[in-house]
S.K.: 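To start, I am sharing the structure in question, which I have written as structure tokens.
Residues: numbered from 1 along the sequence shown.
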Amino acid sequence: MEPFSLLVKPVGGACNLDCGYCFYKDHPGGLMSAETADRMLSSYASLPFAEKSITLQGGEPLLAWKTGLFQRLNDFPVDKSLQTNATLVTDEVASLLARDGWLVGASLDGPRRLNRLRGDSFDAAVRGIRRLEAAGADYNLLTVVSKANVSCPREVYRFLRDNFSTHFHQYVECTGPSEDIGGEEWGDFLVGLFDEWVTNDTRTVSVRLFDSIVSKLVLGRPTLCSQAETCRHYLVVEHDGSVYPCDFHVRDDLRLGNVMTDGFEEIAASPAYARFASAKTANLPSRCGDCEFLEFCNGDCPRSRQRLCKGWRKFFAHALPRLRELAEDVAAGR
């Protein structure tokens with residue numbers, strides 16, 4: 001059995017914000033019960049993986065702070081991470097997340113004027129991030145690239161780099177019901193972001209997308225699931241214990257089981273999961289066959305490949321020569 005991580009939705013789609021571009025906002029909310037959490041954790045902990053990791057996501061997973069789930073996770077030998085809008089991070093929450101070794105992803109789309117699609121949450125999110133910093137928590141910043149900020153890659157990057165202590169950035173394309181971007185826009189954003197980063201920051205700021213490509217060049221495997229050959233890297237567990245192959249595909253027809261009735265060994269070995277995992281490569285568009293960049297994107301995530309292909313091609317053509325040089329330096333220990 002190949003190792004996999006868990007992406008857990010302890011409150012489903014429930015959130016204290018109402019961001020119009022959120023792809024998960026229409027999913028029902030609810031609280032994961034203690035019984036469901038214990039069954040999920042004990043089943044996952046029993047798997048014969050050398051390394052295990054669980055990420056809590058939503059909705060807003062900090063709505064489940066008082067349920068005991070965070071405390072339960074501390075009793076299991078897993079890497080723990082959390083993706084949050086940061087508005088609910090109190091001094092107590094920040095202190096306990098730091099103490100218990102959580103990696104926190106905080107969502108922020110840039111300076112105030114470019115963060116507008118997240119509602120009136122900018123000040124509260126920045127306060128939460130400052131609390132994480134004060135507590136010494138390990139955190140990174142996640143930025144959704146949408147119509148609101150896609151034309152300002154340098155401004156977004158400089159703001160995040162110069163105003164926060166973390167040196168870890170993630171940039172993901174908007175896939176929600178509104179404000180999604182096209183291929184040309186995505187390509188221009190990535191080129192602008194790369195040019196700003198590569199000038200001075202290759203050894204001081206980690207941009208997850210660029211790191212994944214360097215990993216592919218040095219180790220032969222990317223670190224992003226969207227760049228992998230198959231979609232078989234994690235399982236989603238909803239608040240009711242239902243299990244799905246991907247949080248972009250939490251649908252009744254792709255429900256793989258439930259932790260209350262099915263073991264993860266059985267779920268991971270199910271024909272439905274195998275079909276989903278292999279569909280990425282099996283259903284590649286014909287134009288991918290002779291694309292010089294196929295080894296780096298593997299057709300991209302199926303949810304957005306048709307829309308963003310032109311942008312990826314523009315970015316790879318622009319950035320790969322310099323990324324190859326960086327990979328050579330990394331491989332040589334320079």
S.K.: Are the side chain of D138 and the backbone N or O of L97 linked by a donor-acceptor pair below 3.5 Å?
M.R.: no
S.K.: With hydrophobic residues grouped by side-chain heavy-atom distances under 4.5 Å, do L217 and V198 end up in a single group?
M.R.: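 L217 and V198: one cluster.
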S.K.: For N140 and T166: C-alpha separation, side-chain torsions, deciding distance, then whether side chain to side chain donor-acceptor pair (under 3.5 Å) applies.
M.R.: CA-CA 6 Å; N140 58 49; T166 185; over 6 Å; no
S.K.: Please answer: with hydrophobic residues joined when any side-chain heavy atoms are less than 4.5 Å apart, are L160 and Y139 in the same cluster?
M.R.: yes
S.K.: Any sub-3.5 Å donor-acceptor pair from D262's side-chain atoms to G257's backbone N or O?
M.R.: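 Looks like no, no N/O pair under 3.5 Å.
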S.K.: Between W102 and F70, is the ring centre distance below 6.0 Å?
M.R.: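 W102 vs F70: aromatic centres under 6.0 Å.
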S.K.: Is NZ or CZ of R208 both nearer than 6.0 Å to the six-membered ring centre of Y171 and within 45° of the ring axis?
M.R.: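 Ring-cation test returns no.
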S.K.: Taking the side chain from Q83 and the backbone from G105, do they hold a donor-acceptor pair closer than 3.5 Å?
M.R.: yes
S.K.: Donor-acceptor pair, E60 side chain versus L62 backbone, under 3.5 Å?
M.R.: yes
S.K.: Under 3.5 Å, side chain of T143 to main-chain N/O of D109, donor-acceptor pair present?
M.R.: no
S.K.: For R116, check salt bridge (charged side-chain N to carboxylate O under 4.0 Å, His left out) against everything at least two apart and list the hits.
M.R.: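 With sequence neighbours excluded, R116 shows a salt bridge (charged side-chain N to carboxylate O under 4.0 Å, His left out) to no residue whatsoever.
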S.K.: Any sub-3.5 Å donor-acceptor pair from N115's side-chain atoms to P111's backbone N or O?
M.R.: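 Not confirmed, N115 side chain does not pair with P111 backbone.
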S.K.: Is L103 linked to V89 within one hydrophobic cluster, defined over Ile, Leu, Val, Met, Phe, Trp and Tyr using a side-chain heavy-atom separation of less than 4.5 Å?
M.R.: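 No, L103 and V89 fall in different hydrophobic clusters.
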S.K.: So that I know where these two stand, are Y244 and H249 an aromatic pair - ring centroids less than 6.0 Å apart?
M.R.: no
S.K.: Between the main-chain N or O of F194 and the side-chain N or O of R322, is there a donor-acceptor pair closer than 3.5 Å?
M.R.: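 No, R322 side chain to F194 backbone: no donor-acceptor pair under 3.5 Å.
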S.K.: Less than 6.0 angstrom separating the ring centers of H318 and F315, yes or no?
M.R.: no
S.K.: Verify the cluster assignment for Y234 and L82: are they in a single hydrophobic cluster under the rule of side-chain heavy atoms below 4.5 Å apart?
M.R.: no
S.K.: Salt-bridge test for D79 and K52: reply yes if a basic N is under 4.0 Å from a carboxylate O, no otherwise.
M.R.: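 Not counted as a salt bridge, because no side-chain N and carboxylate O are separated by less than 4.0 Å.
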S.K.: Give a yes or no answer on whether the side chain of K310 reaches the backbone of G182 with a donor-acceptor pair at less than 3.5 Å.
M.R.: no
